[in-house]
Participant: 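Please find one structure pasted underneath; my questions will follow.
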Amino acid sequence: MSDIRLCINIDHIATLRQARGAAYPDPLEGARLCEEAGAHGITVHLREDRRHIQDRDVYGLKEMVRGTFNLEMALSDDIIAVAKKVVPSQVTLVPEKRQELTTEGGLDVAGNFSRIRSAARQFRDIGVGVSLFIEPERDAVYRSREAGADYIELHTGAYCSEADEWGGDLGGTLPPRVQAELDRIYRAAEYAAEIGIGVNAGHGLNHYNLKPVLSARDLHELNIGHSVVSRSIFIGLAAAVQELLAIIGGR
Ligand code: PXP
């Protein structure tokens, strides 16, 4: 059995609901199915524009999620206020731009250091774990620990894009561009372990590109969303979750 935990990001269940302004599909129902299928937790991103997850979803999830409830959020006073009312198990601070399709790039920890440190302190004071979504770079890892975060979440997006574009056998020799992105993740995880900050990872992961990431040192938790919700259209949500759990368990 692997000790790497899998949290499912269910934002895009809400995306489908919001596309019609309907009452379905219900993200809470999705969360229940994911946890019943063996997921260790649920992640949602409460965006400032509320394009998918709504405040009522977050309060509902807080009541029903049995495992880790990880709330992704920007460093905005409004969202911080909601998060402090909800008290999830963990917050993951992410950069957020209105026009982006999804989170692009990691947090600029150096450029926002005092705001991040202040937010981290506020959350830790109420018993909420703090993770920072960062590029797999040494300086960002170091500054995250200095800012008082419990975890970093390594942005796997660049690796996933390279791997998906290539599409070959990830168990063999990798093209230099894919290997270079993977090595950035490995090096950042190695350094995090050395300086004593926990490591999560996510963004762009799917059942094809996941396996090599599992070799990152002391990986604690994965956050996977878009690919799971996409795959659930064809094989069902429980099967999509179990497929990832099997890959994690078989590493
Ligand atoms: N981790 C973070 C910090 C994210 O912002 C996202 C996207 O919301 C994810 C993980 C999940 O990424 P994906 O939907 O590509 O699996």
Side-chain angles (χ1 to χ4, degrees), residues 4-16 18 27 30-31 34 39-53 57-58 61 68-76 79 83 88-98 100-109 116 119 129-136 140-141 144 149-165 181 185 188 198-210 213-214 216 219-233 237 240-241 243-245 247-248:
I4 299 175
R5 296 164 53 84
L6 175 65
C7 291
I8 303 296
N9 179 315
I10 57 170
D11 290 351
H12 297 303
I13 297 179
T15 299
L16 203 52
Q18 298 306 113
C34 289
H40 303 97
I42 299 296
T43 295
V44 292
H45 183 174
L46 184 67
R47 294 188 70 103
E48 289 179 81
D49 62 10
R50 307 300 200 271
R51 70 171 71 154
H52 40 52
I53 292 294
D57 298 324
V58 178
L61 288 165
T68 302
F69 178 32
N70 176 34
L71 181 62
E72 291 177 7
M73 49 179 279
L75 263 179
S76 114
I79 304 285
S89 353
Q90 174 174 284
V91 291
T92 299
L93 301 181
V94 302
E96 195 175 301
K97 297 188 209 94
R98 292 242 161 194
E100 68 192 359
L101 288 178
T102 180
T103 314
E104 293 166 356
L107 262 186
D108 175 6
V109 185
I116 292 173
V130 177
S131 177
L132 304 183
F133 186 53
I134 59 167
E135 291 297 321
V141 177
S144 297
D150 304 288
Y151 289 95
I152 48 169
E153 180 175 336
L154 295 175
H155 195 322
T156 52
Y159 154 72
C160 293
S161 300
E162 292 293 352
D164 290 358
E165 192 182 323
E181 290 301 340
I185 295 169
V199 179
N200 302 328
H203 211 286
L205 294 168
N206 58 41
H207 68 287
Y208 160 68
N209 63 34
L210 174 59
V213 173
L214 304 176
L219 194 53
H220 172 67
E221 202 164 83
L222 294 162
N223 285 300
I224 308 184
H226 185 261
S227 69
V228 181
V229 175
S230 302
R231 201 144 164 82
S232 75
I233 294 170
L237 190 53
V241 171
E243 184 173 60
L244 294 175
L245 286 169
I247 296 167
I248 294 169

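We count ligands from 1, going down the list as the structure has it; atoms in each ligand are counted the same way. Note that these values count all heavy atoms, side chains included, but never hydrogens, waters or copies made by symmetry.
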Participant: Quick one: does Ser227's side chain get under 4.5 Å of Leu205's, heavy atoms only?
Facilitator: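 Side chain of Ser227 against side chain of Leu205, heavy atoms only: no contact under 4.5 Å found.
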Participant: Less than 3.5 Å apart, any donor N or O on the side chain of Thr43 or Asn9 sitting next to an acceptor on the other?
Facilitator: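 No, no side-chain donor-acceptor contact under 3.5 Å.
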Participant: At a 4.0 Å threshold, what atoms of ligand 1 neighbour a non-hydrogen atom of Ile224?
Facilitator: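 Going through ligand 1 atom by atom, the ones under 4.0 Å from Ile224 are 16 (O).
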Participant: Purely on distance, is any nitrogen or oxygen of Gly204 under 3.5 Å from one on ligand 1?
Facilitator: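 So ligand 1 has an N or O lying under 3.5 Å from an N or O of Gly204.
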Participant: Below 4.5 Å, heavy atoms only, C-beta onward: do Tyr151 and Glu221 meet side chain to side chain?
Facilitator: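 Side chain of Tyr151 against side chain of Glu221, heavy atoms only: no contact under 4.5 Å found.
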Participant: Below the 3.5 angstrom mark, is there an N/O of Glu72, backbone or side chain, next to an N/O of ligand 1?
Facilitator: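 Yes, at least one N or O pair falls under 3.5 Å.
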Participant: As an exercise, identify every atom of ligand 1 less than 4.0 angstrom from a heavy atom of His226.
Facilitator: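 Result: 13 (P), 14 (O), 16 (O).
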Participant: Do ligand 1 and Glu153 have nitrogen or oxygen atoms that lie under 3.5 Å from each other?
Facilitator: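 The answer is yes, given that Glu153 and ligand 1 share an N or O pair closer than 3.5 Å.
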Participant: Using the rule given for side chain to side chain contact (heavy atoms under 4.5 Å, CB included), can you reason through Ser131 versus Asn70, listing the C-alpha separation, both sets of side-chain angles and the distance that settles it, and then say yes or no?
Facilitator: CA-CA 9 Å; Ser131 177; Asn70 176 34; 5.5 Å; no
Participant: Could you grab the distance from atom OG1 of Thr156 to atom CG of Asn200, nearest 0.5 Å is fine?
Facilitator: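 The OG1 atom of Thr156 sits 11.0 Å away from the CG atom of Asn200.
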Participant: Can a non-hydrogen atom of Ser227 be found less than 4.0 Å from any atom of ligand 1?
Facilitator: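 Flag not set, Ser227 not near ligand 1.
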Participant: Mind checking whether His155 and His203 have parallel, tilted or perpendicular rings, split at 30° and 60°?
Facilitator: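 Tilted, since the angle between the ring planes falls between 30° and 60°.
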Participant: Any N or O of Leu205 that comes nearer than 3.5 Å to an N or O of ligand 1?
Facilitator: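 No, there is no polar N/O contact under 3.5 Å.
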Participant: Out of all atoms in ligand 1, which are within 4.0 Å of some heavy atom of Asn9? Include the element for each.
Facilitator: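 Answer, ordered by atom number: 8 (O).
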Participant: Looking at Val94, which atoms of ligand 1 are within less than 4.0 Å of one of its heavy atoms?
Facilitator: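 Result: 3 (C).
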Participant: Determine yes or no for a side-chain-to-main-chain donor-acceptor pair under 3.5 angstrom, with Asp150 supplying the side chain and Gly129 the backbone.
Facilitator: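 No; judged by distance alone, with no hydrogens or angles, the pair does not exist.
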Participant: Which atoms of ligand 1 have any heavy atom of Asn223 under 4.0 Å away?
Facilitator: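 Atoms satisfying the 4.0 Å criterion: 10 (C), 11 (C).
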